[in-house]
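Everything below concerns the one structure shown next.
Hydrogens, waters and symmetry mates play no part in the numbers below; they use all other heavy atoms, side chains included.
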Amino acid sequence: MRSRILIVDDDKDIRNLISVYLENEGMQTQKAEDAIEAMKTLEKNEYDLIILDIMMPKLDGIQACMKIREERNMPIIMLSAKSEDMDKIQGLTAGADDYLSKPFNPLELIARVKSQLRRYKKYNIDSNIDKNVIEIGDLIVNTDTRQVWVQSKEVRLTPKEFDILELLARNKGIVLSVEKIYETVWKENFFKSDNTVMVHITKIRDKIEVNPKQPIYIKMIWGVGYKI
């Protein structure tokens with residue numbers, strides 16, 4: 001099947017240029033002129049990869065990326081006229097898989113798109129082999145038996161601790177807000193003053209991290225949330 005790519009950029013010329021190059025490579029493209037339109041398109045269609053500009057009116061690419069990551073795992077390549085390291089870090093922290101500064105070489109973008117698609121498709125094939133076992137370094141989470149091992153040693157977690165760990169592990173690399181974690185695990189409305197998630201993550205770290213003060217697995221992204 002042809003890979004389906006969603007191109008989101010408020011510059012019509014850039015959208016058309018990227019589309020021409022991708023379609024010449026046998027891919028199928030859909031274009032959106034801003035992030036609001038892109039979000040509506042995502043509600044109706046499935047895509048293999050998104051090319052997302054950062055500087056857009058109404059809703060910028062960083063905010064859009066975070067919203068997309070709440071529900072979808074397909075690769076996201078960000079485009080931006082900004083080239084500072086902090087801008088790249090901000091984009092990647094929001095959930096992007098790759099970042100390319102404008103002006104860019106279309107051939108380099110195509111190469112990055114192909115690379116991300118290869119990884120994504122390989123990951124999906126591998127994950128379909130055994131969806132019940134998630135391996136992240138020396139951390140193994142069996143979602144069927146609800147068991148956890150670190151460095152071949154089993155770790156005992158409470159039901160809620162396991163639910164949080166499973167949620168983060170299933171969304172590896174994606175930053176989940178405290179609100180998202182709470183409402184997914186507890187299935188209740190979140191109150192900003194509630195530190196329940198933080199307390200549970202502290203307990204999980206005490207059990208799975210070699211040094212809980214310098215965690216390898218569960219990391220906090222200040223002002224955003226947690227990720228593995």
Side-chain angles (χ1 to χ4, degrees), residues 3-10 30-32 34-80 82 86-100 109 112-113 115-124 126-128 131 134 136 139 141 143 163-187 190 192 197-198 201 204 215 217-228:
S3 296
R4 302 190 67 200
I5 314 296
L6 178 60
I7 304 164
V8 190
D9 198 300
D10 59 343
Q30 175 73 37
K31 292 171 279 188
D34 58 46
I36 300 294
E37 182 183 346
M39 300 302 290
K40 292 179 180 178
T41 301
L42 283 168
E43 291 177 1
K44 302 175 183 178
N45 304 288
E46 294 293 329
Y47 297 93
D48 298 299
L49 182 143
I50 301 175
I51 297 172
L52 181 64
D53 185 34
I54 290 183
M55 303 297 290
M56 290 185 292
K58 300 179 183 177
L59 182 70
D60 67 40
I62 297 292
Q63 294 171 308
C65 183
M66 292 173 66
K67 287 181 177 293
I68 292 168
R69 279 292 178 243
E70 290 180 358
E71 298 181 356
R72 294 173 174 82
N73 290 326
M74 83 282 278
I76 297 176
I77 297 178
M78 280 194 161
L79 303 177
S80 177
K82 297 182 177 182
M86 285 306 299
D87 297 316
K88 294 180 182 179
I89 291 170
Q90 187 179 16
L92 295 171
T93 298
D97 297 279
D98 204 350
Y99 184 107
L100 198 57
L109 175 60
R112 294 190 184 212
V113 167
S115 174
Q116 289 297 332
L117 286 173
R118 281 196 300 271
R119 292 180 191 174
Y120 179 61
K121 290 177 179 178
K122 181 180 184 302
Y123 172 79
N124 282 345
D126 290 346
S127 63
N128 285 332
K131 293 182 178 179
I134 305 171
I136 303 171
L139 173 66
V141 180
T143 60
D163 290 342
I164 292 172
L165 182 63
E166 178 184 357
L167 177 64
L168 292 171
R170 285 193 182 280
N171 293 276
K172 180 177 178 292
I174 300 172
V175 182
L176 299 180
S177 67
V178 172
E179 179 179 359
K180 176 71 173 179
I181 294 171
Y182 184 88
E183 293 186 348
T184 301
V185 172
W186 275 268
K187 297 178 174 56
F190 174 75
K192 289 186 178 180
V197 171
M198 182 182 69
I201 285 180
I204 297 170
Y217 298 109
I218 302 179
K219 297 185 178 181
M220 178 167 58
I221 308 302
W222 286 102
V224 184
Y226 293 92
K227 74 169 184 176
I228 283 185

side-chain contact (heavy atoms from CB on, under 4.5 Å), that's the test. Do Leu165 and Ile228 meet it? Break it down for me. CA-CA 9 Å; Leu165 182 63; Ile228 283 185; 3.8 Å; yes
From CA spacing to verdict: side-chain contact (heavy atoms from CB on, under 4.5 Å), Lys227, Ile174: CA-CA 6 Å; Lys227 74 169 184 176; Ile174 300 172; 6.0 Å; no
Given side-chain contact (heavy atoms from CB on, under 4.5 Å), test Val8 with Glu37 step by step and report yes or no. CA-CA 9 Å; Val8 190; Glu37 182 183 346; over 6 Å; no
Given the rule in the side-chain contact (heavy atoms from CB on, under 4.5 Å) test, do Leu168 and Ile181 qualify, once you have shown the distances and angles that lead to the verdict? CA-CA 8 Å; Leu168 292 171; Ile181 294 171; 4.1 Å; yes
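Note on residues 61-70: pairs passing salt bridge (charged side-chain N to carboxylate O under 4.0 Å, His left out), not counting sequence neighbours, are Arg69-Asp97. Here salt bridge (charged side-chain N to carboxylate O under 4.0 Å, His left out) pairs that include residues 52-64, with residues two or more places apart or in two chains, are Asp34-Lys58, Asp53-Lys102.
Between Ile50 atom CD1 and Ile7 atom CD1 the span is 11.5 Å, to the nearest 0.5 Å. Between the CG atom in Leu176 and the CG atom in Asn171 there is a gap of 5.0 Å [rounded to 0.5 Å]. In this structure, Gln30 CD and Leu6 CG are separated by 6.5 Å, a value rounded to the nearest 0.5 Å. Put simply, CZ on Arg112 and CG on Leu100 are 4.5 Å apart, with the number rounded to the nearest 0.5 Å. With rounding to the nearest 0.5 angstrom, the CD1 atom of Ile68 is 5.5 Å from the CG atom of Leu42. One distance of note links CD1 of Ile89 with OH of Tyr99; it measures 10.5 Å at 0.5 Å rounding.
Ser80 and Ile54 get closest at one heavy-atom pair: CB-CD1, 3.7 Å. In terms of heavy atoms, Cys65 sits closest to Ala96 at SG-N, 3.6 Å.
Looking at heavy atoms from C-beta onward, Tyr182 lies out of side-chain contact with Ile164 at the 4.5 angstrom threshold. Side-chain contact between Tyr217 and Ile204: absent, with no pair of heavy atoms (C-beta onward) separated by less than 4.5 Å. With contacts defined as side-chain heavy-atom distances shorter than 4.5 Å, the pair Leu49/Ser3 does not qualify. You'll find the side chain of Leu52 reaches within 4.5 Å of the side chain of Met78, heavy atoms only. Ile77 has its side chain within reach of Val113: a pair of non-hydrogen atoms, C-beta onward, lies under 4.5 Å apart.
Counting heavy-atom neighbours within 6.0 Å of Met220 CE, excluding the residue itself, gives a total above 12.
Just one residue in the list Leu167, Val178, Val175 forms a side chain to side chain contact (heavy atoms under 4.5 Å, CB included) with Tyr226, and that residue is Val178.
Checked against ring-ring contact (aromatic ring centres under 6.0 Å, His included), Tyr47 has no partners two or more places apart in sequence or in another chain.
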